[in-house]
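Everything below concerns the one structure shown next.
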There are 2 protein chains.
Amino acid sequence: MENRIDRIKKQLHSSSYKLTPQREATVRVLLEHEEDHLSAEDVYLLVKEKSPEIGLATVYRTLELLTELKIIDKINFGDGVSRYDLRKEGAAHFHHHLVCIECGAVAEIEDDLLEDVEEIVERDWKFKIMDHRLTFHGICVKCQQKKEDQEQSE
Amino acid sequence: MENRIDRIKKQLHSSSYKLTPQREATVRVLLEHEEDHLSAEDVYLLVKEKSPEIGLATVYRTLELLTELKIIDKINFGDGVSRYDLRKEGAAHFHHHLVCIECGAVAEIEDDLLEDVEEIVERDWKFKIMDHRLTFHGICVKCQQKKEDQEQSE
DNA sequence: TTGAATGCAAAAGTTTTGCAACCAA
DNA sequence: TTGGTTGCAAAACTTTTGCATTCAA
């Protein structure tokens, strides 16, 4: 944890930004909720628990900064808010998501499943890929199970 | 064109909605701009050209309705607006996008490049896929060319 | 001391909602 | 008549911005 904070600190410094207490508090919240997909408001409320004096604008500015440095990725699942996701260390590309349309759960896929597809796109469309966003919408295991149970009891 | 309007009319009727003049005007704009990725505001302004009495709220409500019926897909490229894209007739899945980070151009890929990936996801993650969103961010041919030209003249 | 960073409040921008009026079956 | 649909305006939200103040090198 402290290691990751240190490395992020260095990343900021190398672009001549400072890791201020507010930024550190924001980064800590992101690290503590690595599995979640927090909105700016979510992050703000969580940071506020430990650092009540922080302002929402600062959170937005920090998230923007971290996105720019590719420490986090900004993503949108179609509800009106942007969400932020820590990029795994050393990951060349943004990971993929499985969004359950029944319960809203979001799972992550770390494996890069797009290598072949990207090769095709770069070759056939002459498009130089820098990043990608891949999200599957469907029904998670739990909700599939729930449905089966319901059908049996009917 | 009239054929497609008729089919959309039937789709609406089969869910007991009407194809009102305002809805038809909206659908026509979407058909006439199939290649574009219009925001609600874009659609509103275009519809207003021919039907000046229409309200923005009606456009939003129509786009929501068409999305629900899977006639159009709502998509978000990371600028603060939702955009709407006609689903190709008979297409099982939403098509993919190439967004140029230099000039903002958006190209579409009709081919379903995800068949293999979806098979893996359904098998390994036991996730029942209903839909997907795949967008590549990178540099389009034109902007690559522009960059090369710049480098040569330097 | 100086530029970067912050907090607050206001502003900007998108999307939704309440409601009276309208319209078609 | 009745329920769906519309237009308008207001409201609700998310995100950005202006500015005085604060902070750290």
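Note that the structure is predicted; figures quoted are calculated from it, not measured. Per chain, numbering begins at 1; letters A, B, ... match sequence-line order.
With respect to A:R83 and A:D42, a salt bridge is recorded, a charged nitrogen being found less than 4.0 Å from a carboxylate O. A:K18 has no carboxylate O lying under 4.0 Å from a charged side-chain N of A:E24, or vice versa, which leaves the two without a salt bridge. Under a 4.0 Å N-O distance rule, the pair B:K126/B:D124 does not qualify as a salt bridge.
One N or O donor and one acceptor, one from the side chain of A:R61 and one from the base of C:dG7, sit under 3.5 Å apart.
In the set D:dG7, D:dT15, C:dA5, D:dG7 carries the atom at the smallest distance from any side-chain atom of B:I54. Nearest to the side chain of A:Y60, among D:dT6, D:dT16, C:dT16, sits D:dT16. The side chain of A:K18 sits closest to C:dG3 out of C:dG3, D:dA9, D:dT15. Side-chain proximity of B:V81 to the nucleotides C:dT15, D:dA9, C:dG7 is greatest for C:dT15.
Protein atom CD1 of B:I75 is 18 Å distant from nucleotide atom C1' of C:dT14, rounded to whole Å. Between B:L56 atom CG and D:dA9 atom P the separation is 12 Å, expressed in whole Å. Rounded to whole Å, atom C1' of C:dA4 lies 12 Å from atom CG of A:L65. Rounded to an integer number of Å, the gap from CD of B:E64 to P of C:dT16 is 6 Å. Note: NZ (A:K48) to C1' (C:dT6) measures 13 Å, nearest angstrom. In this structure, the CG atom of B:D42 is 10 Å from the P atom of C:dT15, given to the nearest Å. In this structure, A:E41 atom CD and D:dA12 atom P are separated by 15 Å, rounded to whole Å. Atom C1' of nucleotide C:dT14 and atom CG of A:D79 are separated by 14 Å, given to the nearest angstrom.
To the nearest 0.5 Å, the span separating CZ on B:F94 from NZ on B:K74 amounts to 12.5 Å.
In this structure, A:Q22 does not reach the D:dC23 phosphate: none of its side-chain N or O atoms is under 4.0 Å from OP1 or OP2. In this model, the phosphate group of D:dT15 is approached by a side-chain N or O of A:S82 to a distance below 4.0 Å at OP1 or OP2. Contact between the side-chain N/O atoms of A:T20 and the OP1/OP2 oxygens of C:dA4 is not found at any separation under 4.0 Å. Side-chain nitrogen and oxygen atoms of A:T58 include at least one within less than 4.0 Å of the OP1 or OP2 phosphate oxygen of C:dG7.
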Requested in this report: Could you go through the side chain to side chain contact (heavy atoms under 4.5 Å, CB included) check for A:L12 and A:L65 one step at a time?
Outcome: CA-CA 9 Å; A:L12 285 170; A:L65 179 59; 3.9 Å; yes
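Map B:R23 and B:A57 each onto its nearest nucleotide of DNA chain D; the residue landing nearer the 5' end is B:R23.
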